[in-house]
Amino acid sequence: MEQKSLTLVIVMLVVGLAIGGGLGYVMAPTKEVVKEVQVTVTKNPLKDATLKIGDIVASTAGLETEKPLIDKIMVPDLNEYVSALGFGMKVQILLDDAQSQPSIHLEKVQSFKSQGITQIMGGRWSSQAQGSISYMNENNMILVSSSSTSPLLKQKDNLFRICPTDLVQAPANAEMMKTWGIKGVIIFMRIDPWGEGLYQVIVPALQERGIELIDAIKYAPETTDFSSYLQKLEDDVKAGVAKYGDKKYVAVQIFSFDEQITFLTAAESYPTIKDIIWFSTESGGRDQRYINEIGEPLVAKRMFSSYMGVAETSWKFINLDRRFLAETAQTAGFYTGTTHDGLWLMVLSTLEAGSTDAKDVIPIFINVAANYFGATGWCDLDEFGDRKAQVFDIWGYYKDTDGTVKFRKYGEYDGRVIQVKWDDAALAAVGLQRPALG
Amino acid sequence: MIGILGNLVSEITGPSRLIIDIAMFFGLQVIVAMALNFQYGNAGVPNMGCAFQVITGAFTVSAITTRLAFWFAEQAGIQLLPYNTGQLWMWNSNNNVFTTNKFLAPNAGLSISLLLFSLAVSLVLGALIGYVISLPAIRLRATYLIIVLIALADASQIFGRNVLEICGGPLGMYVPNVFGWYPGDRSLITAIVTMTIGLISFFIFRTMLNSPYGRLMRAIRENEVTVGSVGKNVTGIRRNVLMFASGITALVGVLNAFYASFVVEGAYQRAYWTYWPWLMLILGGPGNNAGTFIGTAAIIALRRIIIVYKFNIESLIFFPISYFEEILLGVLLIVVMIFRPSGLIPEKLLYIPGLNYSKLVREEVKVDWRAATKARKGKSRFSFRRKEEEE
Amino acid sequence: MEISAIYISTVVYSSLITVLSIGFTLTYLTAKIPNFAHGTYAGIGIYITFSLTRLMGLSPYVSIPIAFLFGGALSMLIFILVIGTLQKIGGGAIVLTISTLAIQIFMTAAIGIYAFWVLLTFHTYTQPFILRDNDIQISGLPGVFPFALIFCIATVIVLHFLLTKTNMGIAMRATAEDPSLASVLGINIYRVQLFSWFLTGGLACLAGSLLPLWFSSSPITGSGMITSIMAGSLLGGLDNIYGAIFGGFVVGTSEQLLTYMLVGLFGNYIGEYRPLIPMIILIIVLIFEPRGLNGVYERWQVRKISKARVVEKSNAQEGA
């Protein structure tokens, strides 16, 4: 019996030792085996890399100005900058066209992805951005948009917008009208994501300021002929003038792209709207084409355009404007500026991240943007990756003493505090006077 | 394929990505092209309003399924922003969809039933539209019908743009993600679902074509007067064909909406959803499904190749290469049509089990029905030139 | 003289749509296909006028003969290279229709490239433009207003004369009625078709060349007009040139004047549906009269003939 218990104890001891030893062996911190591990620290990870950026314009018409901008201005500039810093990286921009269709935009995005290109400058129309963004989120691609302004896209995603949304611009126009003493307004607009977005925001903004929305005339974006719409506009304006007693109390607000060149010319044939006050947006102000195409009638219309502020006194913008004018015979608009800034930000973020992959670029993009002063001023983006509210300029056209039509800045709108400051001296210099409010 | 399924959960990159993307687009377009083949290639109804049917499916998702999903979410006690008017529908839908997605993601059963629900509803609505189309289709001549259907496709877009309740007007809206339960890549599962539906509809079409009903359809295409004279209901058969094919086409709209998670009227232009399927059908050769497959695959592959490789010749020309894409496709199509006027795979005689054709038809019969139609009507210049030569 | 701009627009637009619809119908008659590229010819005409006025500083009316010849030659080229070849091989109507779609894609892209080249070379602005300032003024009216009307009426008269009095016209009508019978009679159908394509291309291009004088124009303007053209042609019954005159005018007027009146009556939302208005008219007409207005005309003719026969018969009976 004793022997038996002794054997048991010994057996248990042995087993315990075995288990303990085994466990100890497993759990004990492994002895540091000195191994020679080679750690490669790449001194210049971007050396010999090529940063390919896909650039998708919204419609075929956009290619016309985008191609010279990319080929003659952006690519040389960016490459010069990168090589001056000694990075040895090459920047290449591939230009493509979404043919105004969201499905084709998505197809082009996918084709870029299959080529290994993950940084895209595109989504120029909100519908195209929205149609592709879920694919891009899932595939770690970055989409930088120069002109998508839909307020519905305020989400935390891989979409970064260098332009402020309609939530900033529409109140600017309403405030401009209020300070100009307008009592009734007719909106003349295209039905597309951009026009509709602005319209939905400006309606409550007008109500708030006690301005009557007399009518809203909407036309399809494919429209090429505006006669029946303009005649309706004429009737509406006539009714408005009759109601408020004078032409100076009624205004027309247009939300249109370049088709406004043609209908502003056509408006000359209508006696009332010919010299009513027109308010426009960034596609109407500070544009040489308007002067060339429409000329003097612009002056009578006293067209005031809320123009998202380009840093028009900065060398960066002056330089861009001058070169763009030489290449395309057009002044650089706000969206030329945002395209310029967007591409610069992509390259700067790539350099900062040390990788051409969008995965590494996305987390730092907002921070890089916050420290960048571009052709459109400081590119502060908010937490959703959209441009923060900023200062808008008010531009208009006037006839100079030598008889030529020119554009001029008439004031500013501060989007952060919602306040319009007219430059009375500039207005007086061209013979305009702000009506007394009362 | 196994390789693709292997990395279900991890991010898909490289060639697998390309395959999935192309598969998705192929799946969508091939269903439209097959349905077209069914209508035009077999029943002789030139439906140029495919975009109309596709947009019906998309609008089903945005206007009906989304509301249903919101209702379910509200039943589950989730507070959503109000959405009862058109204005509010436009403004709040995107946020509501994000809230709803969080509710749907763990709820696989509900998500799948929502998907099936939208497929079923779009099938019914598509069939309804097929019925409406068939009313003029029976009365009108082919060219009239083509133009009326094009007009209807445009009209559907204009309504989508102006009626905010459908898809939030021109701004469009996100739609709920019914694949939230799937842990991996969403476009993979949509591609699989699309291909499955494509496969199912392929077999349905095939069975129908090889059935007596299919032979009846072809008989109508060849000569409706004869078919009518033997007591068959020609207009009824035409209507059924249109209704069935329209329903299938509407499914594509649903799948595309869930794939992009977004519905806007601008995404359903007739250039994309009518002309491309027609080109695929004509290129492949109408009247047989193999041709439709080849045509669709050829055009999608060609497009992708042009899109990707066109940059290599960009430096040779002065204008943006993107214009070239259009020109190249236009020229290629015309060239193919000139060299293969009856498509890459011409229509073959029907396969009927248990029937020996070579015995039945001793002499060589060329069943080129298009030429045959012309010869019968005597309107082809070619046919009488041949006569002249014989003389 | 003051005429409200809406009336000028209506007249100019209707005249041009009428001419384009006639051309569309003429193509349909001789080739039996709807030519989707028909509107794009007008787009080419637009850029011919643009080049002559903006780049060379000539009067826009100089472009009339040039546009006519250029459009005609282009249309003939298309016929020889594509449509004629496809017909020879035995491509059916649908293949031909799809090929016109491909041609339309091709030509629209070509216009786009041309616009880009102009911008690159001349640094002139090429997209949406309007040439109202280049137009001449006739007693306070824009020159295009009387001119478009005269052009439209002249086209109708010349075509009527051509189709009823000349050998070529009679051959064309015979071909339209029954090609095989016509060829038996010794008509060279290929030549007749070539001529009709030349005529339609030239007329369309000419109509397009007048368009920028009053309406806004861009490379896609021409191809965008095709639905209106088809509606006009279809309304007239597709196989009757005189029907197309009526159809074109109805469509043009309904797009301009009728839309404006409806907006005044029912409110602004009608304007948003403007592209649909000619289509709705078309669909209503087709539901009641599946062959368009031509059907009404033919029924009327048949009734007249049968009435005459009844009268003849009764006369004959009386005589007996």
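None of the values given here were measured: they were computed from a predicted structure. Naming convention: chains lettered A, B, ... in sequence-line order (proteins, then strands); numbering from 1 in each chain.
Sorted by first then second residue, the side-chain hydrogen bond (donor to acceptor under 3.5 Å, both in side chains) pairs that include residues 147-158 of chain B, not counting sequence neighbours, are B/Asp154-B/Arg270, B/Gln157-B/Glu265.
Summarising the geometry, atom OH belonging to C/Tyr273 is positioned 10.5 Å from atom CZ belonging to B/Arg161; distances are rounded to the nearest 0.5 Å. Rounded to the nearest 0.5 angstrom, B/Phe159 CZ and C/Glu272 CD are separated by 11.0 Å.
The contact between B/Ile146 and chain C is made entirely by side chain atoms (from C-beta outward), counting heavy-atom distances below 4.5 Å. Neither the backbone nor the side chain of C/Tyr114 comes within less than 4.5 Å of any heavy atom in chain B. Both the backbone and the side chain of C/Ser99 have a heavy atom closer than 4.5 Å to some heavy atom of chain B. Only the side chain of C/Leu120 comes within contact range of chain B, judged by heavy atoms closer than 4.5 Å. Interface residue B/Ile327: backbone and side-chain heavy atoms are both found under 4.5 Å from chain C.
Across every non-hydrogen atom of B/Tyr323 and C/Gly112, the tightest pair is OH-O, 3.5 Å. The two residues B/Ala155 and C/Leu276 come nearest to each other via the heavy atoms CB-CD2, 3.3 Å.
Side-chain atoms of C/Leu101 and B/Trp278, non-hydrogen and from C-beta on, never get closer than 4.5 Å to each other.
The environment of CZ in C/Phe249 is crowded: more than 12 heavy-atom neighbours from other residues, nucleotides or ligands sit within 6.0 Å.
Heavy-atom pairs under 4.5 Å with chain B were tallied for C/Ile33, C/Leu86, C/Ile113, C/Leu81; the largest tally goes to C/Ile113. Ranked by heavy-atom pairs under 4.5 Å with chain B, the list C/Val82, C/Thr85, C/Thr175, C/Ile98 is led by C/Ile98.
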